[in-house]
Undergrad: 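Could you have a look at this structure, given as structure tokens, before my questions?
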Amino acid sequence: MFGIVNKEFLIFLSFLVLSGFFWLLMVLNETTEREYSVPVRLVNVPRNVVMTTDVQDTVRVTLRDKGFTLFANWYRDCFGPIKLNFNNYANKKTGKGTIPQSDIQKILMQRIYGSTKVVSVRPDKLEFFFNYGISKRVPVRLNGHISPGKNYYLARTQFSPENVTVYATKDILDSISYVSTEYLNIENFEDTVVQLVNLKPMRGVKVVPTQTKVTLYPDILTEETVDVPIIATGMPEGKVLRTFPPRVKVSFVAGASLIRNIKPEQFKVVVNYQEVAANPSDKCNIYLRETPPGVSMPRLETSQVDYLIEQQ
């Protein structure tokens with residue numbers, strides 16, 4: 001029984017292989033389309049040239065022919081790298097090179113069989129940008145949504161490196177004042193965050209390096225109050241405006257690390273003599289005109305105080 005089963009299985013297997021072979025012959029004999037990836041290389045680039053944007057390294061080519069011929073094209077390695085001479089396409093005045101689709105198609109047609117038709121080549125054209133070493137240093141800026149946790153704020157952002165070198169044509173360089181990071185979305189953090197971030201690419205611009213390390217330093221928000229002297233402004237000569245009290249409390253919110261360095265002298269609370277003279281009353285309005293950096297939600301304990309104008 002075992003021998004009979006083995007014999008029948010071998011016969012079945014032989015017919016299966018034979019039918020598969022005939023099916024393959026039929027498929028290969030049919031006209032079909034197939035897409036291939038063809039590498040592209042830019043050659044003979046002068047040593048003094050800096051490529052600010054490299055040419056796309058692959059094109060997608062769709063061919064139509066019988067399956068046998070398409071297989072023969074592949075077997076002959078017709079889809080090896082296409083080498084394009086830099087000097088044939090580079091425009092030295094504009095710092096830009098354009099490789100038309102027709103040039104790539106012409107090189108392909110020289111490699112493949114005459115019966116094979118090139119249906120399409122994508123993209124329609126290849127572009128590259130270059131210059132002769134012109135560059136400048138610009139700072140890195142954060143791009144994105146950064147939101148620390150509740151009762152925290154972003155005290156400081158540090159980049160490493162803080163500045164990068166950009167290569168481009170003179171016109172493009174003149175328009176660049178900074179380089180942004182790729183978009184970041186970091187929320188609800190209370191501890192220091194360190195992240196390696198790519199810099200946002202720009203068309204026709206080479207950025208060195210292409211990454212920066214971003215460090216975010218959150219700080220807890222604390223409310224504080226200071227006594228600030230009230231200053232009279234716009235006083236005519238020979239007169240003095242005195243307020244009662246002479247100082248007023250100013251409340252504000254700031255990071256815990258900043259509060260110890262904030263002094264009352266950094267705030268400025270004023271009363272305007274011209275306003276008082278135009279609208280005499282028992283009390284005068286006071287205004288908070290200046291606050292130190294890093295302070296948020298500043299507010300006066302009171303908006304009016306008693307006053308007295310003395311003649312000297």
Side-chain angles (χ1 to χ4, degrees), residues 37 39-42 49-60 94-99 122-222 252-259 291-298:
S37 296
V40 175
R41 303 285 183 268
L42 201 62
V49 166
V50 176
M51 299 298 297
T52 56
T53 301
D54 292 330
V55 66
Q56 186 172 326
D57 61 359
T58 305
V59 293
R60 307 289 296 180
T94 61
K96 178 182 176 182
T98 302
I99 303 168
R122 295 182 290 118
D124 294 337
K125 63 182 178 180
L126 301 179
E127 292 181 334
F128 60 91
F129 295 84
F130 65 95
N131 74 3
Y132 293 92
I134 304 173
S135 66
K136 74 175 183 180
R137 299 279 289 175
V138 294
V140 176
R141 288 191 182 176
L142 185 64
N143 173 36
H145 173 69
I146 308 299
S147 178
K150 188 178 180 181
N151 297 326
Y152 282 80
Y153 81 109
L154 184 62
R156 185 163 61 97
T157 302
Q158 182 178 341
F159 300 99
S160 180
E162 295 181 350
N163 299 284
V164 294
T165 303
V166 290
Y167 296 86
T169 60
K170 186 178 183 305
D171 291 343
I172 296 177
L173 280 179
D174 291 342
S175 67
I176 299 174
S177 56
Y178 63 89
V179 174
S180 298
T181 64
E182 289 189 338
Y183 190 86
L184 285 178
N185 186 18
I186 304 176
E187 298 180 330
N188 298 322
F189 62 99
E190 298 177 358
D191 294 323
T192 301
V193 174
V194 180
Q195 193 165 324
L196 190 63
V197 183
N198 292 326
L199 298 177
K200 189 176 181 180
M202 293 179 283
R203 187 170 181 265
V205 179
K206 181 178 182 179
V207 181
V208 180
T210 58
Q211 293 181 320
T212 185
K213 184 172 72 173
V214 179
T215 307
L216 307 176
Y217 296 94
D219 193 7
I220 191 167
L221 291 170
T222 304
F252 60 91
V253 174
S257 61
L258 291 177
I259 283 181
T291 59
V295 165
S296 62
M297 296 186 290

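From a predicted model like this one, the values you see are computed outputs, not experimental measurements. Numbers here simply count residues along the sequence, with the first being 1.
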Undergrad: Could you check whether any side-chain heavy atom of Glu182 comes within less than 4.5 Å of a side-chain heavy atom of Pro201, counting everything from C-beta outward?
TA: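 Counting from C-beta outward, Glu182 and Pro201 do come under 4.5 Å.
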
Undergrad: Please determine whether salt bridge (charged side-chain N to carboxylate O under 4.0 Å, His left out) holds for the pair Lys150 and Glu190, giving the CA-CA distance in whole Å, both sets of side-chain angles, and the decisive distance to 0.1 Å.
TA: CA-CA 8 Å; Lys150 188 178 180 181; Glu190 298 177 358; over 6 Å; no

Undergrad: Assess the side chains of Thr165 and Arg137: does a donor N or O sit below 3.5 Å from an acceptor N or O?
TA: yes

Undergrad: Is the closest side-chain heavy-atom distance between Thr192 and Leu216 below 4.5 Å?
TA: no

Undergrad: For residues Val205 and Ile176, determine if any side-chain heavy atom of one lies less than 4.5 Å from a side-chain heavy atom of the other.
TA: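 Yes, side chains in contact.
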
Undergrad: I'd like to check Met297 versus Phe252 (side-chain heavy atoms, cut-off strictly below 4.5 Å). Are they in contact?
TA: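 With C-beta onward as the side chain, the pair stays apart.
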
Undergrad: Work out which heavy atom in Leu154 is nearest to a heavy atom in Phe189; give both atom names and the distance.
TA: CD1-CZ, 4.3 Å

Undergrad: Is there a donor-acceptor contact under 3.5 Å from the side chain of Thr181 to the main chain of Leu142?
TA: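 Side chain of Thr181 to backbone of Leu142, a donor-acceptor pair under 3.5 Å: no, none is there.
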
Undergrad: Mind running side-chain contact (heavy atoms from CB on, under 4.5 Å) on Val140 and Asn163 for me, showing each step along the way?
TA: CA-CA 6 Å; Val140 176; Asn163 299 284; over 6 Å; no

Undergrad: Which is it for Tyr152 and Asn188 under the side-chain contact (heavy atoms from CB on, under 4.5 Å) test, yes or no, and what are the steps along the way?
TA: CA-CA 9 Å; Tyr152 282 80; Asn188 298 322; over 6 Å; no

Undergrad: Could you tell me whether a side-chain N or O of Gln56 sits under 3.5 Å from a main-chain N or O of Thr58, the two making a donor and an acceptor?
TA: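 Side chain of Gln56 to backbone of Thr58: a pair is present.
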
Undergrad: Are Glu127 and Lys96 side-chain neighbours, meaning at least one heavy-atom pair lies under 4.5 Å?
TA: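 They are in side-chain contact.
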
Undergrad: Which one of Leu42, Val59, Thr98, Asp57 satisfies the side-chain contact (heavy atoms from CB on, under 4.5 Å) criterion with Leu126?
TA: Val59

Undergrad: Nearest 0.5 angstrom please: Thr210 OG1 to Asn198 CG, how far?
TA: 6.0 Å

Undergrad: Passes side-chain contact (heavy atoms from CB on, under 4.5 Å), His145 versus Glu187? Steps please.
TA: CA-CA 8 Å; His145 173 69; Glu187 298 180 330; 3.1 Å; yes

Undergrad: Roughly how far, to the nearest 0.5 Å, is the CZ atom of Arg41 from the CG atom of Asp54?
TA: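 If we round to the nearest 0.5 Å, Asp54:CG and Arg41:CZ are 11.0 Å apart.
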
Undergrad: Please report the interatomic distance OH(Tyr167) to CD1(Ile134), rounded to the nearest 0.5 Å.
TA: 11.5 Å

Undergrad: Answer yes or no: are there more than 12 heavy-atom neighbours, outside Lys136 itself, under 6.0 Å from its atom NZ?
TA: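 Result for NZ/Lys136: enclosed.
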
Undergrad: Check for a donor-acceptor pair, side chain of Asp219 on one end and backbone N or O of Ala155 on the other, with a separation under 3.5 Å.
TA: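 No; zero donor-acceptor contacts below 3.5 Å.
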
Undergrad: How many angstroms lie between OG1 in Thr222 and CG in Asn151, if you round to the nearest 0.5 Å?
TA: 9.0 Å

Undergrad: Output the distance between atom CG (Asp171) and atom OG1 (Thr94), rounded to the nearest 0.5 Å.
TA: 10.5 Å

Undergrad: Can you tell me if Asp174 has over 12 outside heavy atoms packed within less than 6.0 Å of its CG?
TA: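 Yes, CG of Asp174 has more than 12 neighbouring heavy atoms, counting only those of other groups under 6.0 Å.
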
Undergrad: So do Met51 and Phe129 actually touch side chain to side chain, heavy atoms under 4.5 Å?
TA: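 Side-chain contact under 4.5 Å: no.
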
Undergrad: List the atom of Tyr217, the atom of Gln158, and the distance in Å for their closest heavy-atom pair.
TA: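 Looking at all heavy atoms of both residues, the closest pair is OH-OE1, 3.1 Å.
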
Undergrad: To the closest 0.5 Å, what do you measure between OG (Ser147) and CD1 (Ile186)?
TA: 11.0 Å

Undergrad: Would you indicate whether Tyr132, at its atom OH, is surrounded by more than 12 heavy atoms from other residues, nucleotides or ligands within a distance under 6.0 Å?
TA: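 It does: Tyr132 OH has more than 12 such atoms within range.
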
Undergrad: Could you tell me whether the side chain of Ser180 and the main chain of Asn143 form a donor-acceptor pair under 3.5 Å?
TA: no

Undergrad: Is the backbone N or O of Gly204 less than 3.5 Å from a side-chain atom of Thr52, with the two atoms forming a donor-acceptor pair by type?
TA: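 Yes, because the side chain of Thr52 sits within donor-acceptor range (under 3.5 Å) of the backbone of Gly204.
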
Undergrad: Give me the atom names and distance for the closest heavy-atom approach of Pro161 to Pro209.
TA: CG-CG, 3.9 Å

Undergrad: Below 4.5 Å, heavy atoms only, C-beta onward: do Tyr183 and Lys200 meet side chain to side chain?
TA: no

Undergrad: Please evaluate residues Thr212 and Leu199 with respect to the criterion side-chain contact (heavy atoms from CB on, under 4.5 Å), reporting the C-alpha separation (whole Å), side-chain torsions for both, the decisive distance (0.1 Å), and the verdict.
TA: CA-CA 7 Å; Thr212 185; Leu199 298 177; 3.7 Å; yes

Undergrad: Can you check whether Thr215 reaches Val193 side chain to side chain, under 4.5 Å on heavy atoms?
TA: no

